[in-house]
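A short worksheet on the structure shown next.
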Amino acid sequence: MLSALQPPRTAARTAERRRHHRMKVVLLGRYMLPNRMEYPCQSIDISPGGVHLAAPARANPGDRVIVYLEHLGRIEGTCVRTTMEGFAMTITATSRKREKFTAQLTWLANREELGLPEDRRHERIVPRNPRAVLTMEDGAEHVVRLIDISLSGTAFTTDLDLPLNTPLRVGSTPAKIVRRFDGGYAAEFRFPLSADLLDENLEL
């Protein structure tokens with residue numbers, strides 16, 4: 001009889017999971033478990049309050065997880081359940097970040113319907129302070145001028161001769177050279193930036 005007096009926990013959990021509308025948005029990324037091991041992952045569905053990930057190593061319910069998803073950047077939260085594909089986790093975010101997150105998710109879910117070109121998938125900003133320091137693997141430092149920054153990378157001008165795939169740090173951000181153009185390079189960040197950091201005051 002005691003069980004009849006307990007609150008309907010399953011219903012409560014279901015209601016919690018359905019507080020935010022989940023969208024079928026497939027994004028690639030990486031995640032880090034509490035033991036600091038990193039693994040690749042792919043989102044199965046996602047909402048402003050949680051994400052279901054296909055993942056090779058499952059988090060345990062209650063584990064703190066850090067995820068980097070393309071287009072969305074860094075996400076932090078807590079694993080709430082394991083699934084056949086991986087695990088589901090909550091998303092911890094400020095109200096400002098959650099608003100940006102919601103807008104980005106809606107855009108991703110509807111980009112094909114809206115007909116937006118693929119190269120607009122990442123907003124780019126021109127930093128107020130374009131000066132940045134490249135640090136090479138051997139520790140050599142070079143000052144460059146940033147042209148723009150997106151969640152996934154940056155473009156900069158320099159006279160350096162840098163082969164493709166050269167690993168380096170732009171400021172404190174790990175990256176690698178992915179493209180050369182007249183007068184400069186495009187570098188891809190090792191992990192996308194958090195969406196709430198991307199504005200003209202950003203310094204790498």
Side-chain angles (χ1 to χ4, degrees), residues 25-32 36 38-43 46 51 66-76 91 93-94 96-204:
V25 176
V26 177
L27 301 171
L28 299 177
R30 299 184 63 83
Y31 64 100
M32 184 169 70
R36 306 191 68 79
E38 293 185 12
Y39 304 92
C41 63
Q42 178 177 305
S43 64
I46 187 167
V51 58
I66 297 174
V67 184
Y68 295 88
L69 287 177
E70 59 177 349
H71 309 307
L72 296 177
R74 177 183 169 119
I75 294 170
E76 295 185 42
I91 294 176
T94 62
R96 178 173 178 269
K97 182 173 182 178
R98 201 178 296 279
E99 287 178 6
K100 281 194 166 188
F101 194 74
T102 301
Q104 188 76 353
L105 270 182
T106 302
W107 184 86
L108 287 168
N110 296 308
R111 60 182 174 181
E112 290 188 8
E113 181 179 346
L114 293 172
L116 294 175
E118 188 68 11
D119 60 2
R120 285 185 56 193
R121 61 188 181 181
H122 284 172
E123 176 189 3
R124 291 186 175 274
I125 59 97
V126 177
R128 288 183 188 278
N129 178 12
R131 183 182 183 280
V133 176
L134 293 188
T135 303
M136 317 306 293
E137 278 196 310
D138 62 2
E141 295 183 343
H142 307 278
V143 175
V144 299
R145 183 178 181 82
L146 301 180
I147 299 171
D148 56 38
I149 305 172
S150 73
L151 292 179
S152 60
T154 183
F156 58 87
T157 60
T158 180
D159 294 329
L160 295 171
D161 183 14
L162 302 174
L164 293 181
N165 297 314
T166 297
L168 42 75
R169 299 179 76 88
V170 186
S172 60
T173 307
K176 67 176 181 180
I177 299 297
V178 292
R179 190 171 70 256
R180 183 171 191 165
F181 56 86
D182 187 19
Y185 296 88
E188 180 182 79
F189 300 140
R190 181 181 178 194
F191 297 112
L193 302 177
S194 177
D196 62 336
L197 296 178
L198 191 66
D199 63 35
E200 62 274 17
N201 297 314
L202 174 63
E203 294 188 7
L204 297 175

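Remember, it's a predicted structure, so these values are computed and weren't measured experimentally.
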Among residues at least two apart in sequence or on other chains, which ones pass side chain to side chain contact (heavy atoms under 4.5 Å, CB included) with Asp159?
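Not a single residue meets the side chain to side chain contact (heavy atoms under 4.5 Å, CB included) criterion with Asp159.
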
Quick one: side-chain hydrogen bond (donor to acceptor under 3.5 Å, both in side chains) partners of Arg128, sequence neighbours excluded?
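Arg128 satisfies side-chain hydrogen bond (donor to acceptor under 3.5 Å, both in side chains) with Glu200, Asn201 once adjacent residues are dropped.
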
Is there a side-chain contact between [X] and [Y], using heavy atoms and a 4.5 Å cut-off?
X	Y	answer
Val25	Leu72	no
Asn129	Leu146	no
Phe156	Leu204	no
Leu202	Pro127	no
Leu134	Leu160	yes

Which pairs pass salt bridge (charged side-chain N to carboxylate O under 4.0 Å, His left out) with one or both residues in residues 129-158, sequence neighbours excluded?
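Listed once each, the pairs are Arg124-Asp148.
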
Pairwise distance [atom1]([X]) to [atom2]([Y]) - rounded to 0.5 angstrom:
X	Y	atom1	atom2	result
Leu162	Met136	CG	CE	5.0 Å
Leu27	Gln104	CG	CD	9.0 Å
Phe101	Leu69	CZ	CG	7.0 Å
Glu188	Thr154	CD	OG1	12.0 Å

Suppose we screen for salt bridge (Lys or Arg N to Asp or Glu O under 4.0 Å). Which residues come up paired with Glu76, at least two apart in sequence or across chains?
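With sequence neighbours excluded, Glu76 shows a salt bridge (Lys or Arg N to Asp or Glu O under 4.0 Å) to Arg64, Arg74, given in chain and number order.
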
Give a yes or no on whether the backbone of Gly183 and the side-chain of Thr157 come within a donor-acceptor separation of less than 3.5 Å.
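No; judged by distance alone, with no hydrogens or angles, the pair does not exist.
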
Would you please name every residue forming a ring-ring contact (aromatic ring centres under 6.0 Å, His included) with Tyr31, sequence neighbours left out?
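Result, ring-ring contact (aromatic ring centres under 6.0 Å, His included) vs Tyr31: Tyr39, Phe87.
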
Qualifying side chain to side chain donor-acceptor pair (under 3.5 Å) pairs with a residue from residues 167-186, counting only residues at least two apart or across chains
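Checked against side chain to side chain donor-acceptor pair (under 3.5 Å) - neighbours excluded - the pairs reaching residues 167-186 are Asp161-Arg180, Arg180-Tyr185.
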
Of the non-hydrogen atoms in Ala186 and Phe181, which two are nearest, and what is the gap between them?
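Result for this residue pair: N-CE2, 3.8 Å.
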
